[in-house]
Chemist: 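Before I ask anything, let me first share the structure, which is written out below as structure tokens.
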Amino acid sequence: MEVYFQVITDAETLNSACEKLSQFESLGFDTETTQLDPFEGIIRLVQLSNGVETQVIDLKPFMEKGELKTLPELAPLRDLLANPKIEKIAHNAKFDAKWVKHHLGVDVGGFFDTMLASQLIAAGDQDRRHSLAEVASFFLGQELDKSQQVSDWSAAELSQSQVEYAARDAATMLPLREKVWEKLKSDELDKTARLEFECVAPVAAMEQNGFYLDRGRWLEQLEKVKKMQAKLADELQDMLSAGVAQASLFGRAEINLDSQAQVTDALKNLGVPVPESTRGWQLQPLANEYPVIAKLLEYRSVAKGLTSFGENILEFIKPQTGRIHADFRLIGAPTGRFSCSNPNLQQIPHGEEYRRAFIAPEGKKLVIADYSQIELRILADFSGDENFINAFNAGADFHAMAAAQVFNVQPEDVTSEQRSFAKRLNFGVVYGIGASRFAMMTGVSQNEAENIMRRYFGTYRKLDAWLREAGGKVLRERLSRTASGRMMRFRFDETDGKAIAGARRNGMNFPIQGTSADILKRSLRLLHDSIAGTSAKLVNIVHDEIIVECDANEAELTCKKLEKAMCDAGEEIVKKVPIKVDAKIADEWVK
DNA sequence: GTGAAGGGCCAC
DNA sequence: AAACGTGGCCCTTCAC
């Protein structure tokens, strides 16, 4: 592909180029950087293309004149990037957003992200890949040579092939956008796409902000957990070796407690009826009868905490900021949920010994807000079930209200067992729970589980009908959608009963989990706009929870803004039941 | 040694 | 007949 481009190295050319570029509605946008992390490297090139001409802006000469963020010569570029009316088409825009924000001080307005678009179009097809090379090949039939991607972008003089590569990637974005947009429109994914694109800036900002973890407190808490683990390991060794003959002769036969095979053997020697899998939920019913099982589960939980969330996490604290800057994937799951890694801040154990180490730094506060029962409220809204809706409108204790309805007793007469049944079913229906699983987790017989579920769905007939229809629809149409229009396609073998059942459950779960993600994403955008220019910074999100850090004297106001953003986002979609957000100001990340 | 798969547990 | 959805990270085991 021939690309007409010019390399800009001086203020005058930059100024006139920006003036010309600002006539266009959308521009291909790309950056070349010396590293993957904005804290580590420099941003060398910014490329902007109108599809015909491509401007390759070399920032090196500007860096020598001073700080890029404030350099007057770069003002035209900063203004162009910030202008939300000019769409910036980028592939994995979060990457470019972070670099531009960090080094140019610009919150880029108006993204079109071809990677997110490709993910939406793939609609859950895990085989599809979403690198620029793959996406360009898929939509344009064009093979991109990415060999220069990792070349030396810090070189004094960039090679011809480097600048050509840089220009070509930016120039590709326009035709790619056309094809991708066509497909988004025809798949009716444009609304979801906009929702996603508007989240790029908030999430880029969040990653750059980082989440503060107090090293000293973390280590202090870890010591307690280590002691507990040592004690548990010792007790478990004793219990497990009781069944081994050699134990009495040669002392205790040490086994590797982390080895599935060894632990299973030891349990069998003790006469424990080991289920096929020793996963927690399969072992749980045995825990009462066999103390060794209870001990094993306790050990595994503590060991998990130590290995996954032990000292390792401290290595993620960036020396430049003293904070953790995790990677969030905007479309981490086909449902639209985020995923998070390095480290996964969405799976920090709930226990205080872990979360208490995430604190507000001196002079700051954390504002923590989460949606109350958002998935169940979505289900209530979708199904229109009057009884279910009433349980929410009654306020107070939703699970108890549900129990009162299901077991036909006065709310004040609900037993804790009845409330527990209702609560487990309330959560379970969202996943398409079956009687076997319900029996397993509650300890009641299969028969009784079926009876309780019959009562439950008898109480919530429209809920039942909606779930059946959602499951059935997937089998007929092989497609499911969320409130925003996010789509999941299903492929399964019609003769495979297991696959059919799986698809059915997905059909029930996808619209609910996905709509919850839609709502959260909408709230992120509203929040980003309402806290712009204040001390408030987004620092973490966990599916239905948002954490913001701000100056202590702005905490009250920030709390109101966060609550409002979340409620407004929820109310745009959920109409039949109230949206409830629990928001609070705290010094530590505890509920 | 390295990498993938299997099994397990953490979050929502 | 099947058995609860979405992720990431850790360990062991096993193949290369």
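Naming convention: chains lettered A, B, ... in sequence-line order (proteins, then strands); numbering from 1 in each chain. The model shown is predicted, which means the values in this text are computed figures rather than measured ones.
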Chemist: Regarding A:Lys226 and A:Glu311, does a basic nitrogen lie under 4.0 Å from an acidic carboxylate oxygen?
Modeler: yes

Chemist: In whole Å, I'd like the distance from the CD atom of A:Glu450 to the P atom of C:dA3.
Modeler: 15 Å

Chemist: To the nearest Å, give me how far apart CZ (A:Phe490) and P (C:dG5) are.
Modeler: 12 Å

Chemist: C:dT12 P sits how many Å from A:Asn256 CG, rounded?
Modeler: 5 Å

Chemist: Remember a base hit wins even if backbone is also touched, and classify A:Met441 as base, sugar-phosphate or nothing at under 4.0 Å, heavy atoms.
Modeler: base

Chemist: Please confirm whether the shortest side-chain N or O distance from A:Arg300 to OP1 or OP2 of B:dG7 is below 4.0 Å.
Modeler: no

Chemist: Is a donor from one side chain sitting under 3.5 angstrom from an acceptor on the other, for A:Tyr456 and A:Asp464?
Modeler: no

Chemist: Take atom CD1 of A:Ile433 and atom P of C:dA3, then tell me their distance rounded to the nearest Å.
Modeler: 12 Å

Chemist: Tell me yes or no: between the side chains of A:Glu235 and A:Tyr299, is some donor less than 3.5 Å from an acceptor?
Modeler: no

Chemist: Is the side chain of A:Ser118 donor-acceptor paired with the backbone N or O of A:His130 at a distance under 3.5 Å, no angle test?
Modeler: no

Chemist: Under 3.5 Å, is there a donor-acceptor pair between the side chain of A:Asn342 and the main chain of A:Ala326?
Modeler: no

Chemist: Rounded to whole angstrom units, what separation is found between the CG atom of A:Leu520 and the C1' atom of B:dC12?
Modeler: 11 Å

Chemist: Within this structure, what is the CG-to-C1' distance between A:Asn312 and B:dC10, rounded to whole angstrom?
Modeler: 14 Å

Chemist: What's the CD1-C1' distance between A:Ile500 and C:dA3, to the nearest Å?
Modeler: 16 Å

Chemist: Look at all strands and tell whether A:Ile512 reaches a base, only sugar-phosphate, or nothing, counting heavy atoms closer than 4.0 Å.
Modeler: nothing

Chemist: Provide, to the nearest angstrom, the distance between the CG atom belonging to A:Asn342 and the P atom belonging to C:dG7.
Modeler: 17 Å

Chemist: What distance, rounded to whole Å, do you find between the two C1' atoms, one in B:dC9 and one in C:dC4?
Modeler: 15 Å

Chemist: May I ask you to verify if any side-chain N or O of A:Ser516 is less than 4.0 angstrom from the OP1 or OP2 atom of B:dC12?
Modeler: no

Chemist: Please confirm whether the shortest side-chain N or O distance from A:Ser301 to OP1 or OP2 of B:dC9 is below 4.0 Å.
Modeler: no

Chemist: Are OP1 or OP2 of B:dC9 and a side-chain N or O of A:Gln347 less than 4.0 angstrom apart?
Modeler: no

Chemist: Using only side-chain N and O atoms of A:Thr307, determine if any of them is under 4.0 Å from OP1 or OP2 of C:dC9.
Modeler: no

Chemist: Under 4.0 angstrom, heavy atoms only, what part of the nucleic acid is A:Lys498 near: base, sugar-phosphate, or nothing?
Modeler: sugar-phosphate

Chemist: Over all strands shown, is A:Gln126 touching base, sugar-phosphate only, or nothing at heavy-atom distances under 4.0 angstrom?
Modeler: sugar-phosphate

Chemist: Taking OP1 and OP2 of C:dC4, is either one under 4.0 Å from a side-chain nitrogen or oxygen of A:Arg505?
Modeler: no

